[in-house]
Asker: 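Dumping the structure here so I can ask a few things about it.
Indexing begins at 1, ligand by ligand and atom by atom, following the structure's order.
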Amino acid sequence: MLENRWDTSLYERKHSFVWQYGEELLNLLAVLPGERILDLGCGTGQLTEKIAQAGAIVMGIDYAPAMIEKAKENYPDLEFAVADGKDFKVDRSFDAVFSNAALHWIQEPDAVIGCIRDALKPEGRFVAEFGGKGNINAIAKTLYSVLVDLGYPSPEKMNPWYFPSIGEYATLLEQQGFDVKYAVLFDRPTPLEDGDAGIGNWIQMFASHFLSGISAEQQASAIQEIERRLKPTLYRDGTWIADYRRIRVVAIKA
Ligand code: BEZ
């Protein structure tokens, strides 16, 4: 599968909503001073820092080296490491694993949950939010339809995302010995930054791999066509609103 290209500058300049929305999840995490917390999929480290500010001893991991490089530059006093969410091992155990807007990038949830379980102390908690069933339906459908028109026979096969239902994800957690204390799926229409350029920025940031096989000129016209087709549903008063739907879970290692 083609990998997404992570442009940390575009991420920090135009996608700060990713960690701003994630701040709500920190309330569910409810850090106690001195706890050891692993931030899985920490990106450029903004929420890792909030967790540290709440008094935890925190470590941030992300599979994208560019993200970790930037996180270290942003917060040199914190610990960060490159690690793959579906295949990581840690040399100490954690009171909690926290993850915001990252797990929808990994299509092997069983492997991820296994790594999280192994990283937690007994009774440790897993607190996460990511894209749930139905997330970005309109964006993905439109992207695929434009790609079909460009001659890609089955663009959905290039889908790198995992958007489970509550039933599906809670079952996976229970199968690996977690008690699921809380699980919700909710629509969270998300205004994108930068006015008219919002959806184009989003595609460049998060869906660049779909377009990597075509020229820059074709990419620009594909984005224009996506904008044209999505405008009636996702554009209001000068702002693009992404059709996000989140799943939020709190589970305890039994
Ligand atoms: C999300 O946060 O839901 C998301 C971000 C990028 C691609 C797909 C989903």
Asker: For Trp19 and Tyr11, does a side-chain donor sit closer than 3.5 Å to a side-chain acceptor?
Answerer: no
Asker: Out of all atoms in ligand 1, which are within 4.0 Å of some heavy atom of Asn135? Include the element for each.
Answerer: 1 (C), 3 (O), 9 (C)
Asker: State whether a side-chain donor-acceptor pair under 3.5 Å links Asp196 with Tyr235.
Answerer: yes
Asker: Taking the side chain as everything from C-beta on, heavy atoms only, tell me whether Lys50 gets closer than 4.5 Å to Glu23.
Answerer: yes
Asker: For ligand 1, which part of Trp105 has a heavy atom less than 4.0 Å away: the side chain, the backbone, both, or neither?
Answerer: side chain
Asker: Could Arg248 and Phe186 be counted as a cation-pi pair, given that NZ or CZ must be under 6.0 Å from the ring centre and within 45° of the axis?
Answerer: no
Asker: Any chance you could lay out the side-chain contact (heavy atoms from CB on, under 4.5 Å) test for Ile61 and Asp39, step after step, and finish with the verdict?
Answerer: CA-CA 6 Å; Ile61 59 174; Asp39 182 4; over 6 Å; no
Asker: Taking atom types as modelled, is there a side-chain donor on Gln46 or Thr48 under 3.5 Å from an acceptor on the other?
Answerer: no
Asker: Determine, using heavy atoms of Arg245 and all atoms of ligand 1, whether some pair is separated by less than 4.0 Å.
Answerer: no
Asker: Going by the atom numbers of ligand 1, which of them fall below 4.0 Å from some non-hydrogen atom of Phe206?
Answerer: 6 (C), 7 (C)
Asker: Is it the side chain (CB and beyond), the backbone, both or neither of Trp202 that lies under 4.0 Å from ligand 1, heavy atoms counted?
Answerer: side chain
Asker: May I ask you to check if ligand 1 and Trp161 share an N or O to N or O distance below 3.5 Å?
Answerer: no
Asker: Enumerate the atoms of ligand 1 whose separation from the nearest heavy atom of His104 is less than 4.0 angstrom.
Answerer: 1 (C), 2 (O), 3 (O), 4 (C), 5 (C), 9 (C)
